[in-house]
Amino acid sequence: MNKISNHLPTNELQALDAAHHMHPFTANAELADTGALVITRADGVNLTDSEGNQILDAMSGLWCVNIGYGRTELADAAARQMRELPYYNTFFQTTHVPAIALASKLAELAPHDLNNVFYACSGSEANDTNIRLVRHYWAAKGKPTKKTIISRHNAYHGSTMGGASLGGMKGMHAQGGLPIPDIDYIDQPNWYVEGGDTDPAEFGLERARQLETKIAELGADNVAAFIAEPVQGAGGVIIPPETYWPEIQRICDAHEILLIADEVICGFGRTGNWFGSQTFGIKPDIMTIAKGLSSGYAPIGGSMVSDEVADVVGKAGEFNHGYTYSGHPVSCAVALENLRILEEEKLIENVRENTAPYLAKRWAELEAHPLVGQARICGMMGALALTPDKASRAKFASEVGVVGLICRNRCFANHLIMRHVGDQMIISPPLTMSRADIDRMIELAVKSLDETLVIMRAEGLMKAA
Ligand SMILES: *Cc1c(COP(=O)(O)O)cnc(C)c1O
């Protein structure tokens, strides 16, 4: 029997984990002192830890388990595919049925003429593909100087060299020699934190017009694309003002800049439509997909590419790019089964018409809590901005994230997985969450917020910066 099993005591599992496992985005020495939470199984919207506790997962893992846990149909699809054809590549004029079937299904689901997919194994890899693809596209069109990709501060586009460079996370750029050349940034449409006295609609336009200013500064002849998440996820569920996206679209069209929508979180129902681009009425040339594509049951990502871009690249000879596991048959089979469930069980319609409106109503009630300055929501993703002073939307005097972490720890103690980004709490629950699950989530969130407030008062943390 394998040495590592669920039957080892928790402290032994934690000790082995601390001794040998380097966790992503983690201060590992610090974690070694407390020990990681060991998750052993999951079903529906609930996780079970190694002590047998039931935990409500309001984050869908990492924003990915859209259909919820425990769907054995996906396990069966994977097992069937492994038996039939566990692996074959698609590099050298070969293909296979799962890659074909998923590509044609994605073409059917994706909006307008995004009829072509380049497969990757993750969102990061897909965004790396996008960097090379858009530059190669412009070179093929005789405009090799169109190379710079404009992104946004505090965006998240992955953790590879390319993905992290496209992203605008300062902490990531500070490590490992990032960003790579020819990536530039504008500010995010984060009205709550950065909007000051401007009204949201005006602020949305201002932030969008920074793109036009940046294009003018660089020269449109040097700009390949603009990339953005329809709703910023890891940055803190930042929902742009309604004025933002139409203006971005206008600017991209006016200056012949490709628009890349990073749909890794927003795709596959998260915002109440198949894609965030539909929710915000935009027409990207490329969409990055991953996460909800397979509901996290198998690693897969990709770039959905417009007919025009695919056509130009396709006629330009060989695109010297690909991953060994591009279009991995097992991942494709799992993704297909996931899409079948999303579609046949009308999960996205149910979100749009039933659970998202209910969640919006219950979530908004949290604004009455003394700690909550804003409760914002878009489909099945939301955030609570914590503040010591609601009227001025003030920051806390303590270092950013101190209060958020206290609240996150209270959530964990109450068996609710809610994440913190700085001093904002975020959720992204499975699309299968029922009204009763939502009620339970709100109840646990209120309990955690109440306990956070008690701690903050005791420690004198309810002070504005
Ligand atoms: C998670 C994420 C990525 C990176 O995906 P990985 O599969 O972790 O590489 C890229 N973009 C966005 C918007 C994401 O949320």
Side-chain angles (χ1 to χ4, degrees), residues 23-26 59-66 117-134 149 151-169 171-173 176 178-179 183 185 188-190 225-240 245 259-271 275-277 279-280 282 284 286-304 323 325-328 331-332 334-335 338 378-383 419 421 424 426-429:
H23 289 245
F25 286 99
T26 298
M59 280 306 301
S60 307
L62 276 180
W63 325 78
C64 56
V65 189
N66 289 14
V117 63
F118 193 104
Y119 288 117
C121 311
S122 67
S124 303
E125 284 185 5
N127 278 328
D128 278 31
T129 296
N130 292 339
I131 295 173
R132 302 195 59 206
L133 187 71
V134 297
I149 300 169
S151 178
R152 304 184 295 185
H153 296 297
N154 198 38
Y156 188 77
H157 297 298
S159 210
T160 50
M161 290 295 281
S165 295
L166 286 178
M169 300 267 172
M172 294 179 77
H173 289 183
L178 297 178
I183 313 278
Y185 309 87
Q188 58 180 340
N190 185 350
F226 173 67
I227 183 168
E229 305 150 80
V231 175
Q232 282 160 267
V237 186
I238 295 154
I239 305 161
W245 273 114
L259 175 58
I260 308 171
D262 185 336
E263 295 265 6
V264 171
I265 287 175
C266 293
F268 306 101
R270 179 63 51 202
T271 68
F275 297 96
S277 294
T279 301
F280 291 93
I282 50 173
I286 296 174
M287 291 194 315
T288 319
I289 56 174
K291 294 192 172 123
L293 167 56
S294 66
S295 284
Y297 281 62
I300 184 166
S303 306
M304 296 298 307
Y323 309 106
Y325 300 132
S326 285
H328 193 284
S331 295
C332 287
V334 169
N338 174 60
C378 176
M380 295 297 267
M381 61 198 299
R419 243 172 86 184
V421 174
Q424 324 220 18
I426 58 172
I427 57 161
S428 175

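Whatever order the structure lists ligands and atoms in, that order sets their numbers, starting from 1.
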Item checked: Over 12 foreign heavy atoms within 6.0 Å of OH, Tyr323 ->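 Enclosed: over 12 neighbouring heavy atoms sit under 6.0 Å from OH of Tyr323.
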Next item on the list: For ligand 1, indicate whether the residue Tyr156 contacts it via side chain, backbone, both or neither (heavy-atom separation under 4.0 Å).
Entry: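 Looking at Tyr156 and ligand 1, atoms from backbone and side chain both fall under 4.0 Å.
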Checklist line | Intermediate values then yes/no, side-chain contact (heavy atoms from CB on, under 4.5 Å), Cys266 and Phe280 | finding: CA-CA 11 Å; Cys266 293; Phe280 291 93; 5.9 Å; no
Identify the protein heavy atom lying closest to [atom], giving its residue, its atom name and the separation to 0.1 Å.
{"atom": "atom 8 (O) of ligand 1", "result": "Ser124 OG, 4.2 Å"}
{"atom": "atom 7 (O) of ligand 1", "result": "Gly123 N, 2.9 Å"}
{"atom": "atom 2 (C) of ligand 1", "result": "Lys291 NZ, 2.6 Å"}
{"atom": "atom 11 (N) of ligand 1", "result": "Asp262 OD2, 2.7 Å"}

Next item on the list: Return the set of residues passing ring pair (Phe, Tyr, Trp, His ring centres under 6.0 Å) with Tyr297 (not counting sequence neighbours), or none when no residue passes.
Entry: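 In terms of ring pair (Phe, Tyr, Trp, His ring centres under 6.0 Å), with neighbours along the sequence ignored, Tyr297 is linked to no residue.
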Checklist line | Qualifying residue, where the test is side chain to side chain donor-acceptor pair (under 3.5 Å) with His157 and the options are Asn130, Asp262, Asp128 | finding: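 Only one of Asn130, Asp262, Asp128 forms a side chain to side chain donor-acceptor pair (under 3.5 Å) with His157, namely Asp262.
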Numbering the atoms of ligand 1 from 1, which are under 4.0 Å from a heavy atom of [X]?
{"X": "Ile265", "result": "15 (O)"}
{"X": "His157", "result": "10 (C), 11 (N)"}
{"X": "Glu229", "result": "13 (C)"}

Next item on the list: Specify whether Phe275 and Phe268 have parallel, tilted or perpendicular ring planes, treating 30° as the upper limit for parallel and 60° as the lower limit for perpendicular.
Entry: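 The arrangement is perpendicular - the two ring planes meet at more than 60°.
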Notebook entry, point to check: Does some side-chain heavy atom of Asn338 sit less than 4.5 Å from a side-chain heavy atom of Leu293?
Noted result: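 Leu293 vs Asn338: side chains apart.
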